[in-house]
Amino acid sequence: MTPHDPGRSLLPPTRRPLQIYALDPMRMEDTGAGFVTPRTILNVPYEPLLPGPIGERVRVIDYDGARRTFYEPVDLDHPYLLLANGLTPTETDPRFHQQMVYAVASSVWDAFEAAIGRRIGLRGGPLTIFPHAFYGENAYYDPRMKALLFGYFQADERDAGANLPGQMVFTCLSHDIVAHETTHAIVDRLRPGFNEVTNRDMLAFHEAFADLVAIFQHFKIEQVLVDAINERKADLTSAEAISGLARQFGFASAQNAPLRSALSTSPDPSALRSTFEPHARGVILVQAVFDAYRTTYLAKVQDLLRLASGGSGILQAGRPHPDLANRLAREASVTARQFFDRCVQAFTYLPPVDVTFGDFLRALVTVDAIASPEDDGFRTAIIEAFRRRGIFASEAGSMADTAIAWPRRGAANLPSIASELFTETAQARGEYRHRSDEAKTRQAQIAGALQRWARDNAADLDLAPHDADDHPVAVEAFHATVRIDVNGQPWVDTVVQVVQQRRDLARANPRLDGVVPTAGATVVADAVGTVRYVISKPLPPPGQAGDGAAGSRMAELNEMVDAFDRTNARGPYMPAPENRLRLNLAQLHGGRDTP
Amino acid sequence: MCPNGREFVDLEPIHDHRGIQMTDRVSVRMYNVGFGDCFVLTLPGPTRPRSVLIDCGRHVGTLMDAPPFWDVVNQVVADLPLLDGKPFIDVLVMTHRHRDHVHGFSRPDVWKDVGVGEVWMPWTESTTDPVALELRNHQDQSAARAVHALRAFGVKDSAPILSIALNSLANQDAMDTLAGFGCTVQYLPEPLRPQATCLTGVAGADTGLPAGVNVHVLGPPRDTRTIVDLAPPAGASYLRLVPPADDGVATSDGPGSAAAVAVPAPWGGRWDIDRATYQARIDAAVPKQPGPPPAGGYLSGKLLDQVERSAFTDAESLAMSVDHALNGTSLVLLFEVGDIFLLFSGDAQWGTWDAILRNPVWTEKLKKVRFVKIGHHGSHNGTPVEFVEKYLHDSVAMVSVSPTGYTAKGWKQIPKQELLQALEEQGRVGLLVRSDVLGAPSERVLRHGADPPLWVEVHFDVGGAP
């Protein structure tokens with residue numbers, strides 16, 4: 001550098017502001033304010049970008065597979081765009097589309113890392129996004145490509161729905177669709193074992209979780225709520241109004257039509273026993289969490305409403321005072337942040353395979369009890385909303401939050417795991433692809449130590465003894481998370497995901513037809529390696545039928561394989577039947593032939 | 001081998017199938033059409049044996065041409081018994097409209113001298129039932145559009161999917177031939193009497209089912225849940241791009257005009273650039289790149305191939321769904337001849353099977369099945385485990401297959417080895433006959449033609465009074 005370099009004494013910025021559409025421009029309803037599409041600015045982590053934009057975690061490549069052409073890439077590091085918060089939102093310039101998918105995906109990724117308290121590894125490489133991949137009314141995450149693919153299509157000339165007849169509709173311009181798909185990509189990195197769909201909740205869980213992230217990510221943007229109240233006369237004082245706003249945000253758009261009506265219906269506790277179509281079943285979980293959100297938010301603003309109404313709590317007709325509108329928006333946003341954080345943090349406390357709605361409930365309650373030992377209303381609201389929809393943690397044996405939370409392990413039960421895990425993760429913080437050779441060696445050593453630990457303690461993890469051929473115990477992932485607890489102190493979880501492929505069970509159960517059952521355990525320890533939780537998914541011991549959870553898992557797996565065989569149109573033409581339960585979001589989002 | 005000549009490799013025929021003679025035997029002859037179905041059932045009749053032809057087609061995804069398909073079809077016609085000097089079919093059954101079950105009818109000249117007593121089809125083929133009309137229209141359009149879209153996108157390795165879509169086309173030429181026979185067409189179960197599931201031979205009639213023979217129509221069901229299963233999903237957006245089926249483009253043999261579908265260019269193509277230009281944009285900024293580029297660069301050919309493939313995900317899904325839906329319309333017929341029960345399930349899928357297996361009247365009859373045509377060429381979704389394990393014992397099974405000659409290398413599940421093994425376990429099936437394999441010579445199996453055979457036949461002696 002020369003002494004004249006103006007950058008010499010400057011640090012790089014931490015954030016990059018980028019404009020996006022706050023609401024899907026394709027699905028705007030006329031609210032009386034005309035068809036001006038609301039915009040907002042997302043502040044995403046700063047990184048140098050190549051045209052695309054191509055960053056370290058997220059790469060946008062605008063290649064159209066249907067037309068076999070590229071579209072001009074945006075250079076967000078161009079001085080003009082740096083000055084102007086990027087391009088102004090428009091449908092007519094693909095470079096804005098690229099900017100928007102980059103901004104939304106980066107912000108979701110960033111919010112995940114902030115909530116979960118760790119970096120999300122780039123397992124299998126960065127996330128590639130194709131904002132105009134194909135012609136069609138669909139958008140999906142492809143786990144093999146590690147890529148998001150967005151479709152575009154021309155609205156029907158005769159039946160255009162909310163669109164102009166013949167208008168080109170771009171799925172990549174919906175904040176909530178992009179957030180939803182990005183969530184699938186992140187879940188693939190957090191829990192690769194969830195790609196094997198081994199019970200009736202799993203596809204529904206994938207969909208519901210992605211919807212919840214999209215909803216809360218949207219509600220977190222306070223300015224969007226303020227604008228909605230002030231400019232679009234949205235009401236934030238009743239449960240119906242909150243649902244209405246969620247619908248307007250468009251998360252219930254392309255792939256999730258059932259949600260449009262679902263948010264306002266009263267719960268049916270028996271629906272869970274008879275609803276198996278993944279989207280419909282997922283709606284039940286979305287409803288439950290969103291219901292708890294409304295309850296929590298409305299409880300928080302009761303004092304505001306009383307203050308603003310002379311004590312009655314019932315506001316006068318007409319628009320609320322701008323100060324009140326701001327405060328309501330603030331509370332809605334803060335509560336959304338709490339729900340977003342809890343949902344994401346719950347992932348740390350989920351098993352590595354075979355997740356169920358009940359597991360999610362237990363993880364939510366566990367994480368909230370750590371963050372807020374005196375229930376601030378979240379746990380009660382969640383447990384009640386889940387109960388009303390028939391979602392239980394049946395093995396917990398009680399509806400008390402202390403029973404629903406995963407049981408803590410006594411320190412004496414299990415030897416500590418490798419304590420270098422925490423320091424190593426702290427050191428590796430911020431590194432993605434550019435991990436030094438030294439760091440790689442250290443990681444390999446830790447992996448080896450954890451593997452030995454898991455094999456030595458297999459029985460305590462509800463796994464079969466290690467057998468290299470028939471039932472190998474393997475460490476799939478490990479990391480440390482750091483959050484701030486209720487006392488303002490760092491709360492460290494060191495987490496190891498252990499899986500065990502049970503080839504012996506695959507052989508003994510010809511009906512599984514090649515599908516290999518996988519047992520697993522998520523081990524959560526503290527900073528020095530003392531085990532706090534073992535969250536396991538057992539399978540029957542070798543040579544035994546198995547009872548309890550293990551036996552019912554085998555029964556459910558058999559049922560899933562049968563259901564797949566009966567209904568999957570592709571079945572006969574599939575070359576590898578053992579992969580049949582593999583998650584296929586393209587089909588799921590297209591709404592086709594899922595078991 | 002002499003394709004049209006007679007060549008019995010093992011045994012002389014037990015009876016001359018052209019002869020008009022009393023017989024107390026039921027025979028089932030499976031013609032070797034490869035990936036397809038063609039069966040002739042010969043029933044004992046009062047004055048002459050009655051012949052029932054069940055399907056005649058070959059999948060476009062079959063590469064094999066030995067024996068040549070039209071040689072087989074000509075053989076079918078040549079083998080037919082004569083009535084008043086003309087080859088005659090008492091009952092012609094079309095189980096469903098897939099090409100691999102009807103393509104043999106696509107050339108009317110082959111059938112011009114053949115007389116037909118009556119034609120049976122699934123109710124979904126009715127020309128008057130509005131539910132059937134709508135369903136079929138939807139299926140035809142979906143298949144045609146899937147074909148069109150797959151051709152238009154011209155994606156690498158799409159041939160197997162294309163063949164599946166082609167198989168589901170309306171096959172109108174074949175349907176025209178069937179209509180051209182000018183005989184009664186029965187849509188089953190009858191739309192106005194869906195509960196009437198048993199057809200009975202009429203005493204004294206010269207043609208059709210002989211008296212004493214009952215045919216139970218076990219499928220397809222008519223309930224609305226199953227109808228939903230039969231309708232491929234609507235609304236896939238490329239449907240809007242693709243012209244309707246009646247433009248003559250979508251035929252199974254014609255090349256089609258791929259250029260007819262143009263994906264509309266967003267922004268009128270104003271922002272289109274080629275790969276080199278895109279790469280140049282990235283390269284121009286390389287000094288500040290966030291890290292070393294990945295091996296193969298940011299725009300690797302493999303990645304771009306995968307994106308191109310995504311362009312036909314919808315078309316692929318639609319092709320598969322139509323295939324599934326059409327299979328679901330299959331007629332399922334249980335022939336009762338004295339004490340012999342013979343089950344022909346077409347390519348029926350789970351929805352139909354589920355309804356059958358939940359019906360105690362029908363499951364009683366399934367216990368008596370002596371012959372079963374294995375559904376959907378032995379793939380796992382045509383034959384439920386429950387049926388194999390609970391209802392088959394000491395039966396004869398025939399499966400029409402062509403495992404070595406598919407367009408797609410990946411179709412290793414047709415037939416599914418585990419299913420064939422399960423059939424032969426625990427005495428469920430005492431005799432399993434494949435259309436493509438020469439088994440050991442036996443008294444019970446007749447064959448015509450050398451390796452591969454033109455047809456194989458099994459027969460049953462009828463006890464009780466037919």
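Worth knowing before you read on, the calculation uses all heavy atoms, side chains too, and leaves out hydrogens, waters and symmetry mates. Chain letters run A, B, ... following the sequence lines, proteins first and then strands; every chain starts at 1.
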Subject >> chain A contact via B:A422 - side chain, backbone, both or neither, heavy atoms under 4.5 Å >> reply: neither
Subject >> Side chains of B:V263 and A:F153 in contact at under 4.5 Å (non-hydrogen atoms) >> reply: no
Subject >> Taking every non-hydrogen atom, the tightest pair across A:V60 and B:Y278 >> reply: O-OH, 3.8 Å
**OP:** For side chain to side chain contact (heavy atoms under 4.5 Å, CB included), just list the numbers for A:F70 and B:D274, CA-CA rounded to whole Å, side-chain angles, deciding distance to a tenth of an Å, and then say yes or no.
**Re:** CA-CA 6 Å; A:F70 288 86; B:D274 61 17; 5.8 Å; no
Original post:
A:F130 versus chain B, heavy atoms under 4.5 Å apart: side chain, backbone, both or neither?
Top reply: side chain
**OP:** Tell me, with the steps shown, if B:W271 and A:H132 meet ring-ring contact (aromatic ring centres under 6.0 Å, His included).
**Re:** CA-CA 12 Å; B:W271 297 99; A:H132 311 100; over 10 Å; no
**OP:** Check B:V307 against A:G65 and note the closest heavy-atom contact, atom names and distance.
**Re:** CG1-N, 3.8 Å
Original post:
Taking atom CZ of A:R144 as the centre, does the number of heavy atoms from other residues, nucleotides or ligands within less than 6.0 Å exceed 12?
Top reply: no
**OP:** Could you tell me if the ring centre of A:F96 sits under 6.0 Å from that of B:W267?
**Re:** no
Subject >> Under 4.5 Å from a heavy atom of chain A, the part of B:I164 involved >> reply: side chain
**OP:** Search all heavy atoms of A:L50 against all heavy atoms of B:A285 and return the closest pair with its distance.
**Re:** CD2-O, 3.4 Å
Subject >> Distance in Å, A:R67 CZ paired with B:E308 CD, rounded so as to fall on 0.5 Å steps >> reply: 13.0 Å
Subject >> Non-neighbouring partners of B:E418 that pass salt bridge (charged side-chain N to carboxylate O under 4.0 Å, His left out), sequence neighbours left out >> reply: B:K416
Subject >> Rounded distance [0.5 Å steps], NZ in A:K146 versus CG in B:L303 >> reply: 13.5 Å
**OP:** Give the intermediate values and the outcome of side chain to side chain contact (heavy atoms under 4.5 Å, CB included) for residues A:I54 and B:Y298.
**Re:** CA-CA 9 Å; A:I54 294 172; B:Y298 292 108; 3.5 Å; yes
Original post:
Between B:R281 and A:E72, does at least one N-O distance fall below 4.0 Å, as a salt bridge requires?
Top reply: yes
Original post:
How far apart are the C-alpha atoms of A:I61 and B:L299, what are their side-chain angles, what is the distance that settles it, and do they pass the side chain to side chain contact (heavy atoms under 4.5 Å, CB included) test?
Top reply: CA-CA 8 Å; A:I61 306 282; B:L299 312 178; 3.6 Å; yes
Subject >> Atom pair CG/CZ of B:D272 and A:R68 - distance to nearest 0.5 Å >> reply: 14.0 Å
**OP:** Would you give the length of the straight line joining atom OG of B:S310 to atom OH of A:Y63, rounded to the nearest 0.5 angstrom?
**Re:** 10.0 Å
**OP:** Find the distance between CZ (B:R309) and CG (A:D142) and round it off to the nearest 0.5 Å.
**Re:** 11.0 Å
Subject >> Which atom of A:T69 lies closest to which atom of B:I273, heavy atoms considered >> reply: OG1-O, 3.4 Å
